[in-house]
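Since the model is a prediction, treat every value here as computed from it, not as a measurement.
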Amino acid sequence: MKTLIKKIKQKKELQTIGDAYVLSTIKKILAQNPKLKKVVEEKRTRSKEYKEAIKKVREKLRTEYGMFSENLSAREQILNKKNKNLAKELLSLHPSTKERLEMYPHIYKKIFAITGKPKKILDLGCGMNPISYPYMKTKAKYYASELNKKDCEFLNKYFKITGINGKAFPLDLKKPLLLKKIPAVDVCFLFKVLDTIEKKGHKLAEEIIKNVKAKWVVASFATQKLGGRPMQYPYRGWLERMLERIGYEYKIIKEINEIFYVIRKEVKLWDATPKK
Ligand SMILES: C[S@@+](CC[C@H](N)C(=O)[O-])C[C@H]1O[C@@H](n2cnc3c(N)ncnc32)[C@H](O)[C@@H]1O
């Protein structure tokens, strides 16, 4: 299955989709097409049917994963309706944010209980997450960055329609020095981003965390394995070791499908009694 997932994700517009999501789509398609299923199980990678399976899965991903494909009509249509459930409907379009729908009403409360209510927020590799702004219960200025321009244009339209004081702009996180050019903020979100952009090692994660001008960085990670089963050990040991080495303290918030590291960039011992 790993080879098939890799092959399917060779198309540029599908590369940011999580492997677990691709796998569940493969399973759906194969369940509907026993002939294709047999060929895939037999690993007949050169056969006509194997190629057809790839094509069908890609087609389905393109329509379901509107956000990062050329099929932008679903989100545009919802946005233009301007109804009361705008945020909820838009968040349902994308797997990461859909999964968080139950969590959104309480997760920001938990995060801000640690960081304090921010006046400025930066959301890196933001996807659809900025749509969840109403759940933050804040009037904070919101900076959001995504890889492609179209997603940013859409988010800026959403900010305008909803009156949110926000600005979305394109930024490639593989160039972490660019982070120095972004205004300083209180809290920076890195939700499910570090696992997405790093394939080998964690140098980039370290550069991003160090370079971003924020008092706090909140990095989150999926806690489900490929196929949807929960990870036995959902913590990111590499991140904990790195933070200890560079001297940043952190607290962990563990939710059902996601783990959040709330990282303090300013040096302060959590339990130290304030000096008089
Ligand atoms: C799993 S999604 C998470 C989206 C969002 N942060 C959330 O949690 O809802 C990973 C995001 O990283 C973005 N991304 C991937 N590579 C990137 C890069 N090189 N620079 C900036 N963003 C990137 C993708 O476009 C995608 O929105």
Side-chain angles (χ1 to χ4, degrees), residues 6 9-22 65 67-69 94-97 99-100 107 111 115 118 120-133 136 140-156 158-159 166-223 236 238-243 245-246 248 250 258-265:
K6 221 171 145 188
K9 288 175 72 171
Q10 273 171 1
K11 290 278 173 209
K12 199 166 178 234
E13 75 276 21
L14 303 177
Q15 277 165 9
T16 55
I17 306 181
D19 286 2
Y21 192 74
V22 178
Y65 215 87
M67 179 76 182
F68 304 106
S69 71
H94 185 282
S96 264
T97 46
E99 194 183 75
R100 260 188 228 123
I107 190 61
I111 292 172
T115 65
K120 286 182 188 167
I121 297 172
L122 170 64
D123 192 345
L124 296 175
C126 63
M128 278 260 201
N129 193 58
I131 309 286
S132 72
Y133 186 95
M136 294 175 207
K141 167 91 191 173
Y142 205 83
Y143 299 98
S145 85
E146 239 312 317
L147 194 52
N148 88 53
K149 241 179 165 176
K150 268 194 184 153
D151 293 330
C152 297
E153 281 164 14
F154 173 79
L155 289 170
N156 281 325
Y158 172 79
F159 290 148
K167 186 175 186 298
F169 52 92
L171 180 89
D172 182 358
L173 288 170
K174 292 198 174 152
K175 299 172 186 157
L177 284 177
L178 293 177
L179 291 171
K180 296 199 173 189
K181 296 191 175 165
I182 300 173
V185 295
D186 301 297
V187 178
C188 166
F189 297 152
L190 271 169
F191 291 171
K192 288 191 179 172
V193 169
L194 298 179
D195 274 351
T196 309
I197 59 171
E198 284 196 311
K199 293 289 168 248
K200 267 192 206 160
H202 301 292
K203 253 193 155 156
L204 185 57
E206 183 167 342
E207 288 293 300
I208 293 172
I209 293 170
K210 276 183 177 167
N211 283 332
V212 70
K213 290 191 281 179
K215 293 178 187 153
W216 300 85
V217 174
V218 186
S220 85
F221 302 87
T223 56
R236 298 309 195 265
W238 64 266
L239 179 64
E240 297 178 11
R241 287 190 294 277
M242 180 221 291
L243 295 174
R245 174 168 54 77
I246 60 180
Y248 295 161
Y250 61 89
E258 199 165 344
I259 187 165
F260 295 79
Y261 283 83
V262 184
I263 303 160
R264 179 170 199 134
K265 288 193 56 171

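- Residues Leu155 and Gly127 approach most closely at CD1-O, 3.7 Å, considering heavy atoms.
- In terms of heavy atoms, Gly125 sits closest to Val193 at O-CG2, 3.4 Å.
- Using a 30° and 60° split on the angle between ring planes, His202 and Trp238 fall in the parallel class, below 30°.
- Residues satisfying the side chain to side chain donor-acceptor pair (under 3.5 Å) criterion with Glu99, sequence neighbours excluded, are Lys192.
- The heavy-atom pair separating Pro170 from Cys152 by the smallest distance is N-SG, 3.4 Å.
- With sequence neighbours excluded, the residues that form a side chain to side chain donor-acceptor pair (under 3.5 Å) with Tyr142 are Asp123.
- Put simply, the side chain of Leu179 reaches to within 4.5 Å of the side chain of Leu173, judged on heavy atoms.
- Every pair passing salt bridge (charged side-chain N to carboxylate O under 4.0 Å, His left out) that includes a residue from residues 205-214 is listed here, sequence neighbours excluded: Glu206-Lys210, Glu206-Arg245.
- Taking all atoms of both residues into account, the shortest heavy-atom contact from Lys265 to Val212 is NZ-O, 2.7 Å.
- Taking CG from Leu122 and NZ from Lys167, the interatomic distance works out to 11.5 Å, rounded to the nearest 0.5 Å.
- The CG atom of Leu190 lies 5.0 Å from the CG atom of Leu124; values are rounded to the nearest 0.5 Å.
- The side-chain contact (heavy atoms from CB on, under 4.5 Å) test with Arg236 singles out one residue from Leu194, Asp195, Leu243, and that residue is Asp195.
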Open item on the list: Please determine whether salt bridge (charged side-chain N to carboxylate O under 4.0 Å, His left out) holds for the pair Asp19 and Lys9, giving the CA-CA distance in whole Å, both sets of side-chain angles, and the decisive distance to 0.1 Å.
Closed with: CA-CA 9 Å; Asp19 286 2; Lys9 288 175 72 171; 2.6 Å; yes

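- Looking only at side-chain heavy atoms (C-beta outward), Thr115 and Ile111 come within less than 4.5 Å of each other.
- With sequence neighbours left out, the side chain to side chain donor-acceptor pair (under 3.5 Å) criterion links Tyr143 to no other residue.
- Interatomic distance, CD1 of Ile209 versus CD1 of Ile263, reported as 4.5 Å (0.5 Å rounding).
- One finds the CZ atom of Arg100 at 4.0 Å from the CD atom of Glu258 (value rounded to the nearest 0.5 Å).
- Residue Lys120 places its NZ atom among 12 or fewer non-hydrogen atoms of other residues, nucleotides or ligands, all under 6.0 Å distant.
- Nearest approach of Ala140 to Pro118, heavy atoms of both residues: CB-O, 3.4 Å.
- Contact of the Val262 side chain with the Tyr250 side chain is not registered, since no non-hydrogen atoms from C-beta on lie closer than 4.5 Å.
- Listed by chain and residue number, nothing satisfies the salt bridge (Lys or Arg N to Asp or Glu O under 4.0 Å) test with Asp172 (two or more places apart in sequence, or in another chain).
- Take Glu240 and apply the side chain to side chain donor-acceptor pair (under 3.5 Å) test, not counting sequence neighbours, and it matches Tyr261.
- The aromatic ring centres of Tyr133 and Phe159 sit 6.0 Å or more apart.
- The CD1 atom of Ile131 sits 5.5 Å away from the CE atom of Met128 when rounded to the nearest 0.5 Å.
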- [ ] Could you give me the CA-CA distance, side-chain angles and deciding distance for Phe169 and Asn156, then say whether side chain to side chain contact (heavy atoms under 4.5 Å, CB included) is met?
- [x] CA-CA 9 Å; Phe169 52 92; Asn156 281 325; over 6 Å; no

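- One distance of note links CG of Leu204 with NZ of Lys175; it measures 12.0 Å at 0.5 Å rounding.
- The shortest side-chain heavy-atom distance between Val185 and Ile121 does not fall under the 4.5 Å cut-off.
- Closest non-hydrogen pair, Asn211 versus Pro176, comes out as ND2-O, 3.6 Å.
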